There are 2 protein chains.
Amino acid sequence: MATGRTHRPATRSRGIPEATVARLPLYLRALTALSERSVPTVSSEELAAAAGVNSAKLRKDFSYLGSYGTRGVGYDVEYLVYQISRELGLTQDWPVVIVGIGNLGAALANYGGFASRGFRVAALIDADPQMAGKPVAGIPVQHTDELEKIIDDDGVSIGVIATPAGAAQQVCDRLVAAGVTSILNFAPTVLNVPEGVDVRKVDLSIELQILAFHEQRKAGEEAAADGVVPPAVARKQRPTDQGPDGDVPAVMPA
Amino acid sequence: MATGRTHRPATRSRGIPEATVARLPLYLRALTALSERSVPTVSSEELAAAAGVNSAKLRKDFSYLGSYGTRGVGYDVEYLVYQISRELGLTQDWPVVIVGIGNLGAALANYGGFASRGFRVAALIDADPQMAGKPVAGIPVQHTDELEKIIDDDGVSIGVIATPAGAAQQVCDRLVAAGVTSILNFAPTVLNVPEGVDVRKVDLSIELQILAFHEQRKAGEEAAADGVVPPAVARKQRPTDQGPDGDVPAVMPA
DNA sequence: ATGTCTTTGTGAACGCGTGCACAAAGATGG
DNA sequence: CCATCTTTGTGCACGCGTTCACAAAGACAT
């Protein structure tokens with residue numbers, strides 16, 4: 001789950017189911033670890049355990065890529081690393097721009113995982129003129145005015161939005177107009193994009209809320225027959241909280 | 001998708017499908033925005049558009065919560081905000097600990113979306129003694145030694161892991177042993193947890209890789225009949241790259 | 001060669017999630 | 001009070017994803 005929505009052809013892209021694509025990076029990570037330990041081959045069972053999935057699922061996933069295993073033996077680690085990397089497009093260089101260099105944007109710029117898989121930070125962009133020129137993670141921040149030029153010059157096709165919610169759609173529109181066709185959105189907003197543009201979102205607040213739901217459920221099961229039964233709040237009654245902290249719908253730190 | 005794996009009862013928790021639970025925060029956000037604009041009611045069509053989903057899906061989602069709409073009119077915004085909040089468990093206070101105060105941990109601590117929905121940062125914890133006492137987002141960082149005491153004293157049931165990958169499992173074990181039953185994991189590792197503990201993961205690198213896959217596919221379609229056809233790499237042949245950047249499996253900045 | 005043993009690759013069944021399309025419910029106007 | 005119009009709530013069908021279970025494939029020993 002996470003595609004930003006709006007159009008979604010969703011269905012399998014060139015035979016490979018979306019759910020499988022989402023797991024390939026997981027397998028790749030486990031395989032890379034094995035590769036570093038110079039392990040030559042792994043069985044589906046072992047690899048599945050390392051990736052935290054079911055072995056049947058893993059085998060079916062790999063079957064979409066082709067027959068890369070050897071029966072009775074398992075999979076060749078190096079070979080599989082290469083095949084998955086290629087399938088994911090990681091054998092080429094992906095320049096990425098990060099827009100919105102606040103706390104989160106800076107953290108992303110410093111994130112080692114970016115560089116390690118062919119994702120090169122082409123530019124850091126912020127709307128604040130004060131930020132311009134200031135180096136973050138060794139890269140000087142550039143002003144939003146430069147956005148189109150950077151994207152065009154470097155052939156950037158992936159953009160990361162780490163701005164406050166209010167600025168996200170506007171930034172998104174500019175990215176798309178400039179030629180970006182894949183967006184990773186950290187701002188808590190639904191982005192509208194034209195057909196052909198992929199959006200994936202990461203929302204910390206949403207993840208926590210989902211955890212809270214399950215947490216509440218766990219707690220509620222023990223309490224079973226308690227006086228804590230919902231007080232059947234009268235309809236139309238205004239909820240108790242909501243007042244204090246103004247409650248902006250979850251504004252980004254930016 | 002995102003549940004950390006391992007056990008997964010996965011199926012619907014008390015009648016509410018997992019997919020629906022994952023969308024409730026989305027609806028809540030849209031509803032809160034409407035509430036701030038003092039909009040009294042919304043139709044499923046309008047709200048669905050604001051949340052970026054299909055209206056039939058939204059109605060079905062709400063039907064799991066009960067019949068909260070009025071035919072011919074729509075849904076009462078305030079009432080729905082309250083019902084969803086209650087369902088998600090947001091009417092109560094959720095103390096949260098963040099472990100690993102590096103770039104990302106600090107960004108999370110500063111993240112406004114945490115506080116705005118009943119999630120209170122109970123403590124920031126880091127293994128580095130140098131960090132101890134240093135205030136981040138107005139909260140003094142505490143040493144890992146204090147972890148168990150904090151969790152016990154404050155009744156913390158939700159933990160956020162923002163440590164490097166190598167430390168994540170260890171931190172996870174301690175959190176769980178101390179009583180935490182829900183974990184939001186930002187470290188690029190598969191966490192093993194006992195039955196009854198929920199794990200959700202957020203992995204920036206994985207999201208980018210998924211985007212890269214689709215991006216490559218888009219690019220490949222235009223090139224259709226090019227000489228760029230996969231050169232049918234000889235089996236067992238060592239992949240070309242892999243050498244340069246040491247390629248740590250995506251270590252956290254932390 | 002032949003047999004045994006391991007592990008892959010997949011056919012088939014099942015279940016969850018999605019979306020259509022419509023009947024029921026209520027609002028609103030005459 | 002009846003007719004009309006809007007919007008909800010849901011029965012139903014379809015498709016994707018998961019899992020089981022097993023036949024086919026290869027390694028390895030004899």
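Just so it is clear: chains get the letters A, B, ... in the order the sequence lines come, proteins before strands, and each one is counted from 1. Everything quoted here is computed from the prediction, not taken from an experiment.
Contact annotation: A:Tyr68 side-chain N/O to C:dT7 OP1/OP2 distance is not under 4.0 Å. Residue B:Ser44 places at least one side-chain N or O under 4.0 Å from the OP1 or OP2 atom of D:dT8.
B:Asp61 has its CG atom 12 Å from the C1' atom of C:dG19, to the nearest Å. Distance OH (A:Tyr64) to C1' (C:dG9): 11 Å, rounded to an integer number of Å. In this structure, B:Arg59 atom CZ and C:dA21 atom P are separated by 13 Å, rounded to whole Å. With rounding to whole Å, A:Leu65 atom CG is found 12 Å from C:dT10 atom P. Taking atom CG of A:Leu58 as the reference point, atom C1' of D:dC20 lies 16 Å away to the nearest angstrom. In this entry the distance linking NZ of A:Lys57 with P of C:dC16 reads 14 Å, nearest Å. Distance, B:Asp76 CG to C:dG26 C1': 16 Å, rounded to whole Å. Atom CD in B:Glu18 sits roughly 14 Å away from atom P in D:dT18 (whole-Å rounding).
Side-chain atoms of B:Glu36 and B:Thr32 include no donor-acceptor pair closer than 3.5 Å. When only modelled atom types and interatomic distance are considered, A:Ser182 and A:Asp198 share no side-chain donor-acceptor pair under 3.5 Å. Residues B:Ser44 and B:Arg59 bring a donor and an acceptor atom of their side chains to less than 3.5 Å of each other.
Relative to the side chain of A:Pro17, the nucleotides D:dT8, D:dG17, C:dT8 differ in distance, and D:dG17 lies closest.
Not a single donor-acceptor contact under 3.5 angstrom links the side-chain atoms of A:Arg71 to the base of C:dT7. At a cut-off of 3.5 angstrom, counting only N and O atoms as typed in the model, there is a donor on one side and an acceptor on the other between the side-chain of A:Lys60 and the base of D:dT19.
Using a 4.0 Å heavy-atom criterion, one finds that B:Phe62 contacts no nucleic acid atom at all.
Listed here is the closest heavy atom pair of A:Ala22 and B:Ile210: CA-CD1, 3.7 Å.
Summary of the strand contacts: B:Glu45 and A:Arg23 both lie near DNA chain D, and taking for each the nucleotide with the nearest heavy atom, the more 5' one is attributed to B:Glu45.
For the side-chain contact (heavy atoms from CB on, under 4.5 Å) test with A:Asn185, the passing option among A:Ile161, A:Thr163, A:Val160 is A:Ile161; the others fail.
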